[in-house]
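Down below is the structure, laid out as structure tokens.
As a basis for the values below, the full set of heavy atoms in this structure was taken, side chains included, without hydrogen atoms, waters or symmetry mates. Predicted model only: the values in this text are computed from it and were never measured.
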Amino acid sequence: MTVGELEASEETMALRVVGALRDEIVTMALKPGDVISESDIAGRYGVSRQPVREAFIRLAQQGLLLIRPKRATIVKKISPDGVRQSRFIRESIEVEIIRRVAARPGDAEAVLAELIAGQETASAADDNLGFHALDELFHRTLARLAGVEYAWQLIDDHKMQLDRVRFLTLGVSSSQRAIAEHKEIAAAVAAGDSAGAEAAMRAHLARAEVLLSQTIADHPDYFEPVH
């Protein structure tokens, strides 16, 4: 294997580890304050320590890990300010996305209805992981329908703190409320009502503030102190 091929292989492995660890942190399989080590993660995923080290650096840059020289690496606590900034970025982009989709709905009604049906099935089965994935797909699909799927990648890169809060509050009642809000968004899109779709999307995303207050009260040890 050439040097270039080796570097490409390590980059691929690092990305795989980043994705896997990010999922574990977001879904609370790894909780705020948990200690992790390069050797343990390398053994778990069957890779060398170099791609794990690269993955740790990237996750630290995303605010999910705290790397402490000569001390253990820990999963960072959730930043309330980070959650609010994530919501601001997401709302700013998604409001423009929903305006575009409502202006030209095309086959959006059928596409969104199918996704919502899947969410209802996951909610009825109390499948939080499945519901979370379908919730993400609903919003990513809106970006695709608007012709700006890359915009969803920008959102995805900045919403990890928000996702951690959302996952802590997932349950049947929470998912049912999200589904009802998705239906309001989809109905406004189907009617070509850009103003209504924007209002429905803002209301949907604004619930993050309520969820943040709820999770801070329920899990105070998971959050950074507010200064």
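The main-chain N or O of Leu154 is never found under 3.5 Å from a side-chain atom of Asp157 such that the two would form a donor-acceptor pair. With hydrogens and angles disregarded, no donor-acceptor distance shorter than 3.5 Å links the side chain of Glu198 to the backbone of Val95.
Rounding to the nearest 0.5 Å places CG of Leu30 at 6.0 Å from CD1 of Ile25. With rounding to the nearest 0.5 Å, the separation of CG in Leu212 from CD1 in Ile78 is 8.5 Å. Rounded to the nearest 0.5 angstrom, Leu21 CG and Arg58 CZ are separated by 12.5 Å. With rounding to the nearest 0.5 angstrom, the CZ atom of Arg140 is 10.0 Å from the CG atom of Leu134. How far NE2 of His204 is from NE2 of His182: 3.0 Å, rounded to the nearest 0.5 Å. Separating the CD atom in Glu38 from the CD1 atom in Ile36 is a distance of 9.0 Å, to the nearest 0.5 Å.
Ion pairing between Glu54 and Arg49 fails under the 4.0 Å rule for side-chain N and carboxylate O. In this structure, Glu94 does not pair ionically with Arg202, as no charged nitrogen and carboxylate oxygen lie closer than 4.0 Å. Between Lys183 and Glu120 a salt bridge is recorded (basic side-chain N to carboxylate O distance below 4.0 Å).
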Report the C-alpha separation of Asp156 and Arg22 in whole Å, then their side-chain angles, then the decisive distance to 0.1 Å, and conclude whether the salt bridge (charged side-chain N to carboxylate O under 4.0 Å, His left out) test is met.
CA-CA 12 Å; Asp156 197 44; Arg22 173 179 157 171; 3.0 Å; yes
Stepwise, does the side chain to side chain contact (heavy atoms under 4.5 Å, CB included) test hold for Leu64 with Arg164?
CA-CA 10 Å; Leu64 297 179; Arg164 296 168 86 188; 4.0 Å; yes
Dump the intermediate steps for salt bridge (charged side-chain N to carboxylate O under 4.0 Å, His left out) on Arg166 and Glu136, then the final yes or no.
CA-CA 11 Å; Arg166 289 174 59 230; Glu136 296 277 292; 3.2 Å; yes
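Taking the six-membered ring where tryptophan is involved, the planes of His139 and Trp152 are essentially parallel, since the angle between them stays under 30° and well short of 60°. In this pair, Phe167 and His132 present their aromatic rings perpendicular. The plane angle is above 60°, beyond the 30 to 60° band.
Taking each heavy atom of Ser86 and Lys159 in turn, the nearest pair found is OG-CA, 3.8 Å. Minimum heavy-atom separation, Gln176 to Ser123: NE2-OG, 2.9 Å. Pro105 and Gly192 get closest at one heavy-atom pair: CG-CA, 4.2 Å. Here the closest non-hydrogen pair linking Met160 and Val26 is O-CG2, 4.3 Å. The minimum heavy-atom distance linking Ile216 with Pro80 is given by the pair CD1-CG, 4.2 Å. The minimum heavy-atom distance linking Ala197 with Ala102 is given by the pair CB-CB, 4.1 Å.
Linking ILVMFWY side-chain heavy atoms closer than 4.5 Å, directly or via other members, places Ile57 and Val18 in a single hydrophobic cluster. By the criterion of side-chain heavy atoms lying less than 4.5 angstrom apart, applied directly or through intervening Ile, Leu, Val, Met, Phe, Trp or Tyr residues, Leu59 is grouped together with Met13 in one hydrophobic cluster.
Side chains of Arg53 and Gln50: a donor on one and an acceptor on the other come within 3.5 Å. Checking Thr215 against Asp218 by side-chain atom types alone, no donor-acceptor pair falls below 3.5 Å.
Two residues are said to be in side-chain contact when any heavy atoms from C-beta on lie closer than 4.5 Å; Leu115 and Leu137 meet this criterion. Here the side chains of Arg144 and Val111 are in contact, with some heavy-atom distance below 4.5 Å. Counting heavy atoms from C-beta outward, Tyr222 and Val75 have side chains that stay 4.5 Å or more apart. Looking at heavy atoms from C-beta onward, Val35 lies out of side-chain contact with Thr73 at the 4.5 angstrom threshold.
For Glu109, the CD atom is loosely surrounded, since the number of other residues' heavy atoms within 6.0 Å does not exceed 12. The local environment of CZ in Arg104 is sparse, with at most 12 non-hydrogen atoms from other residues, nucleotides or ligands closer than 6.0 Å. Summarising the local packing, CD of Glu224 is surrounded by more than 12 heavy atoms from other residues, nucleotides or ligands at distances under 6.0 Å. Within 6.0 Å of CZ on Arg207 lie more than 12 heavy atoms contributed by other residues, nucleotides or ligands. Residue Arg71 places its CZ atom among 12 or fewer non-hydrogen atoms of other residues, nucleotides or ligands, all under 6.0 Å distant.
Screening Leu142, Asp107, Ile185 against Leu112 for a side-chain contact (heavy atoms from CB on, under 4.5 Å) leaves a single residue, Leu142.
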